[in-house]
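Written out below as structure tokens is the structure these notes cover.
A note on names: the letters A, B, ... follow the listed sequences, proteins ahead of strands, and every chain is numbered from 1. The analysis underlying the following values was restricted to heavy atoms, covering all of them including side chains, and did not include hydrogens, waters or symmetry mates.
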Amino acid sequence: MTKRISNFKRFVMMNPIIQFFKFIILSIKVLLIVAGGHGGTREVTK
Amino acid sequence: MAKIVILGAGISGHVAASHLRRKLDKTHEVVVVSPNRNYQWIPSNIWVGIGRMKSKEILFPLAPLYKKKGIGFKQAKVTSFYPEGDINEAKPYVLAEYVVGEEKGRQEKITYDYLINATGPKLNFEATEGLNPGTNKAYSVCTYTHADHANEGLQSLIEEMKQGKEARIVIGTGHAKATCQGAAFEYILNVEQELRRQKVRDKAKITWISNEYELGDFGMDGMLLSYGSNIMKSHEMVEMVFEDRGIDWILGAGVNKIEDGLAHYETLSGEQNSIEYDFAMLIPSFSGHGFKAFDKNNQDITEKLFKGFMIVDADYSPKPYEEWTVQDWPETYQNPNYKNIFAPGIAFAPPHSISKPRKSPNGTEIFPAPPRTGMPSGITAKLVADNIIDSIKNKNESLHHKGSMGNMGAACIASAGFGMTKGSGVSITTFPIVPDYKKYPDTQGRKLGKTFGEIGLAGHWLKLMLHYAFIYKAKMKPFWYLIPE
């Protein structure tokens, strides 16, 4: 086991108050990406 | 009046059926044909596989819901396709065989005006000798029954570890061309956390085995992503998580044989190796279901519909990796030969892999097949349903709704441990799913702001919220359609 995540970072990752705000931001970001539209990639030539 | 038949009641089939029923009036018939009696929310199987969720929490029976909503349901499996009908039946149909009850074994010609093939993949365990869930100490979490078995195996090992047994756990892919690395990634992190929770972590050596060339490939050729204020590659992020959790890894490994507690694999360098284990969870390869198709004269026309999976509007012409483009990927999921047949979700044949193809010196192809997870499955099913609805309402073929995986985002909220305060999640979003190297040449084919990674408790809460939201949506409760796919 190699410590790759610092104590401070781990605290941020697991602190419920900080993570509550992260949760709100993350939910909005994911929603924007998923519901933000999709489409084709081919040019239509008529 | 139109009759739309949907084969399969997984994420894709169920999404298509529910949108069709909501938007079409009752003069049109919507029929689902599936051998499964339950709907299951597959992404939560990993929690069933560690015993933190019961399988009944991730499923519900389809028949009562479909009856209530006016959707026809036949618990049957399709065996062959007749897209031109036959000498006795003028309409196109599929031949299905009932799998339960008094009708078990009876065959029926199910005619249609539009057909949606949402049969997903066949879990091709046979492709790896000895890989059969629940035997040889190797398990799967691909279905809720598999996940239940995996949990039984894991808990039994944990009990032995509490008595002092030192154990080796191997999790990853069980075939040289398996996909769905994301599910295995979630499972290995959840198992690791479960061992810590049960205070036996020090007794276990945990190993990731995968056909990926690099960690974090996930069948998508890896990705460059923003992580906090940094920009890093997905392999760096996964490496950080694995090292921090004490998980070691074997990459470029094509597992080809399983014996009792022993997995044999070939590496990309051509070596034949093996690894012993006390518990393994290995994802099998996926394949098509082996359907046959016939024309009206009963001549075999399978190659017009299938190429393993179903042929759709993709560019299947063989070309080298360097010439692959996002334009090769389908947009409408319509079969080019029979325009009233569609195959969204996992049922369509991908034009090629997304990860770079690699071969061992022995000629064995070892690289992940392209993943097509719940989110794109739902999106493609909805756009297929919308095109059919428009075509019916306009009385003319309409294909305005398009959704290429080269112009679609996806979020992989990977659970890294269960618990309201102790849980964790590795959230990775990517846009687009198939990298567009022309549009985003400096960021490995993806848009950076929309391709990001995040690790922490919030990820677990989000995955849990999605679990409840999507089961609510699947049960078609009030305003279900406001929840995006």
Side-chain angles (χ1 to χ4, degrees), chain A, chain B residues 201 228 239-247 313 325-332 375-376 378-380 383 401-411 413 420-425 427 429-432 434 436 439 447 449-452 454-462 465-466 484-485:
Chain A
M1 212 169 283
T2 310
K3 189 168 179 172
R4 289 287 306 269
I5 299 172
S6 67
N7 286 345
F8 174 71
K9 201 148 197 180
R10 202 179 300 277
F11 167 77
V12 171
M13 282 176 182
M14 301 308 290
N15 182 286
I17 297 164
I18 298 169
Q19 288 296 310
F20 174 75
F21 292 103
K22 283 256 183 197
F23 170 72
I24 306 284
I25 296 164
L26 192 58
S27 303
I28 294 167
K29 280 171 85 173
V30 167
L31 188 70
L32 288 175
I33 289 165
V34 175
H38 48 80
T41 54
R42 299 168 196 158
E43 285 180 26
V44 180
T45 47
K46 287 190 177 177
Chain B
R201 178 64 183 92
E239 193 176 304
M240 178 180 80
V241 174
F242 276 5
E243 282 194 341
D244 195 67
R245 297 277 194 104
I247 296 168
D313 60 320
T325 68
V326 284
Q327 285 75 29
D328 299 339
W329 287 78
E331 297 182 335
T332 63
M375 203 166 280
I379 291 171
T380 54
L383 75 89
H401 300 275
K402 292 179 178 175
S404 163
M405 282 169 61
N407 189 5
M408 182 189 297
I413 314 298
M420 286 309 284
T421 56
K422 305 275 186 197
S424 183
S427 312
T429 65
T430 177
F431 185 94
V434 177
D436 189 336
K439 211 168 175 181
K447 189 171 183 177
K450 288 185 169 183
T451 304
F452 66 88
E454 191 72 61
I455 306 173
L457 185 57
H460 172 70
W461 292 343
L462 184 56
M465 183 186 79
L466 292 175
E485 308 320 317

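For the pair B:Pro484 and A:Leu31, the tightest heavy-atom approach, listed with the atom from each and the gap, is CG-CD1, 3.5 Å. Across B:Ala411 and A:Val30, no two heavy atoms sit closer than the pair CB-CG1, 3.8 Å. Taking every heavy atom of both residues into account, A:Gly40 and B:Asn407 meet most closely at O-ND2, 3.0 Å. B:Trp461 approaches A:Pro16 most closely through the heavy-atom pair CH2-O, 3.5 Å. In plain terms, the two heavy atoms of B:Leu462 and A:Ser27 that are nearest each other are CD1-OG, 3.6 Å.
Residue A:Thr2 holds its OG1 atom at 13.0 Å from CE of B:Met240, rounded to the nearest 0.5 Å. Separation of atoms CD1 (A:Ile18) and CG (B:Leu457) is listed at 11.0 Å; rounding is to 0.5 Å.
When heavy atoms are compared at a cutoff of 4.5 Å, B:Ile413 approaches chain A solely by way of its side chain, counted from C-beta outward. Interface remark: A:Phe21 contributes no atoms to any contact with chain B (heavy atom separation under 4.5 Å). For chain A, the nearby part of B:Met375 is the side chain; its heavy atoms alone come within less than 4.5 Å. Proximity to chain A is limited to the backbone of B:Lys422, based on heavy atoms less than 4.5 angstrom apart. In this structure, the portions of B:Asp313 lying under 4.5 Å from any heavy atom of chain A include both its backbone and its side chain. With a 4.5 angstrom heavy-atom cutoff, B:Leu383 touches chain A only via side-chain atoms. Residue B:Phe242 does not touch chain A at all, counting heavy-atom pairs closer than 4.5 Å. Residue B:Glu485 touches chain A through its backbone alone, counting heavy-atom pairs closer than 4.5 Å. For a residue to count as touching a neighbouring chain, one of its non-hydrogen atoms must lie under 4.5 Å from one of that chain's; by this rule B:Met405 does not touch chain A. For a residue to count as touching a neighbouring chain, one of its non-hydrogen atoms must lie under 4.5 Å from one of that chain's; by this rule B:Glu454 touches chain A with the side chain only. Heavy atoms closer than 4.5 Å to chain B are found nowhere in A:Ile25, neither backbone nor side chain.
Ranked by heavy-atom pairs shorter than 4.5 Å toward chain A, the options B:Gly423, B:Pro376, B:Gly409, B:Gly403 are led by B:Gly403. Considering only heavy-atom pairs separated by less than 4.5 Å from chain B, the leading option among A:Arg10, A:Lys22, A:Lys3, A:Met13 is A:Met13. With chain A as partner, the option from B:Pro330, B:Ala458, B:Gly246 having the largest number of non-hydrogen pairs under 4.5 angstrom is B:Ala458.
Side-chain contact between A:Arg42 and B:Lys402 is absent, with no heavy atoms from C-beta onward closer than 4.5 Å. A 4.5 Å side-chain heavy-atom check between A:Thr41 and B:Lys439 finds every atom pair outside the cut-off. Inter-residue side-chain proximity for B:Ser427 and A:Leu26 is flagged as met; some heavy-atom pair is nearer than 4.5 Å.
Dense packing is recorded around NZ of B:Lys450, with more than 12 heavy atoms of other residues, nucleotides or ligands lying under 6.0 Å away.
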* Take A:Arg4 and B:Glu239 through the test side chain to side chain contact (heavy atoms under 4.5 Å, CB included) and record every step on the way to the result. => CA-CA 9 Å; A:Arg4 289 287 306 269; B:Glu239 193 176 304; 4.1 Å; yes
Check against side chain to side chain contact (heavy atoms under 4.5 Å, CB included), B:Ile379 and A:His38 | CA-CA 9 Å; B:Ile379 291 171; A:His38 48 80; 3.4 Å; yes
